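Remarks on the structure that follows.
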Amino acid sequence: QVQLVESGGGLVQAGGSLRLSCAASGRTFANYRMAWFRQAPGKERAFIAFIRWSSGSTYYADSVKGRFTISRDNAKNMLYLQMNSLKPEDTAVYYCATGLVDKGDRYEAAYWGQGTQVTVSS
């Protein structure tokens, strides 16, 4: 059974940085994409970025391109999200996910972590 456990959220001032981590277990992820999503208060969950576990190739939503970096450590089965130049509008619950499915205008995922709160103060 796939398990995804996020950590690293917290309170940070605007302009600051945080690194989120996601511990993945329960299967071999070599043929999968791992992703980060976020859900802000009153909004739908939104895709941020994915990384192909085998090749390391990445893709980002425009809203975070140039500020966030997704990475993984294959040996440790860990996924990361380095977030720099944080803005108050980045405040959200951040989710690790895998089993990504393209739905044309959005991504969905088969497996989700429980989420970690990131709050950016102005």
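Bear in mind that the values here come from a model prediction, so they are computed numbers and not experimental data.
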Exercise. Give the minimum heavy-atom separation between Trp36 and Ser21, together with the two atoms involved.
Key: CH2-O, 3.7 Å

Quiz item: If every non-hydrogen atom of Ser122 is compared with every non-hydrogen atom of Pro88, which pair is closest and at what distance?
Solution: CB-CG, 3.8 Å

Atom pair [atom1] ([X]) and [atom2] ([Y]), whose distance is rounded to the nearest 0.5 Å:
{"X": "Asp90", "Y": "Thr119", "atom1": "CG", "atom2": "OG1", "answer": "11.0 Å"}
{"X": "Thr98", "Y": "Trp53", "atom1": "OG1", "atom2": "CH2", "answer": "8.5 Å"}
{"X": "Arg33", "Y": "Ser55", "atom1": "CZ", "atom2": "OG", "answer": "11.0 Å"}
{"X": "Lys43", "Y": "Arg38", "atom1": "NZ", "atom2": "CZ", "answer": "8.5 Å"}
{"X": "Met78", "Y": "Asp73", "atom1": "CE", "atom2": "CG", "answer": "8.0 Å"}
{"X": "Thr91", "Y": "Gln117", "atom1": "OG1", "atom2": "CD", "answer": "7.0 Å"}

Quiz item: Is there a path of hydrophobic side-chain contacts, each under 4.5 Å between heavy atoms of I, L, V, M, F, W or Y residues, that connects Met83 with Val120?
Solution: yes

Quiz item: In the single-linkage hydrophobic clustering (I, L, V, M, F, W, Y; side-chain heavy atoms under 4.5 Å), do Leu81 and Tyr111 co-cluster?
Solution: yes

Practice problem: Return each pair, listed once, that meets disulfide (SG to SG under 2.5 Å) where at least one residue sits in residues 27-86; pairs must be two or more places apart or across chains. | Solution: none

Exercise. List, by chain and then residue number, the residues other than Trp112 in its hydrophobic cluster (Ile/Leu/Val/Met/Phe/Trp/Tyr, side-chain heavy atoms under 4.5 Å); write none if there are no others.
Key: Phe37, Phe47, Phe50, Tyr59, Val93, Tyr95, Leu100, Tyr107

Enumerate, atom names and distances included, each donor-acceptor pair closer than 3.5 Å involving a side-chain atom of residues 1-12, sequence neighbours excluded.
from, atom 1, to, atom 2, distance (Å)
Glu6, OE1, Gln114, N, 3.0
Glu6, OE1, Gln114, NE2, 3.4
Glu6, OE1, Gly115, N, 2.9
Glu6, OE2, Cys96, N, 2.8
Glu6, OE2, Gly115, N, 3.2

Quiz item: Would a 4.5 Å heavy-atom cut-off, applied to side chains only, mark Ile51 and Leu79 as touching?
Solution: yes

Quiz item: Which residues pass the side chain to side chain donor-acceptor pair (under 3.5 Å) test with Tyr32, sequence neighbours left out?
Solution: Arg27

Quiz item: Tell me, which pairs form a side-chain hydrogen bond (donor to acceptor under 3.5 Å, both in side chains) where one or both residues lie in residues 9-20, sequence neighbours left out?
Solution: Ser17-Asn84

Quiz item: Do the side chain of Tyr60 and the main chain of Arg67 share a donor and acceptor less than 3.5 angstrom apart?
Solution: no

Quiz item: Salt bridge or not for Lys65 and Asp62, using N-O below 4.0 Å?
Solution: yes

Quiz item: Going through the distances and angles, do Arg52 and Met34 end up as a side-chain contact (heavy atoms from CB on, under 4.5 Å)?
Solution: CA-CA 6 Å; Arg52 297 186 187 278; Met34 302 290 293; over 6 Å; no

Quiz item: Does Tyr94 have any ring-ring contact (aromatic ring centres under 6.0 Å, His included) partners at least two apart in sequence or in another chain, and if so, which?
Solution: none

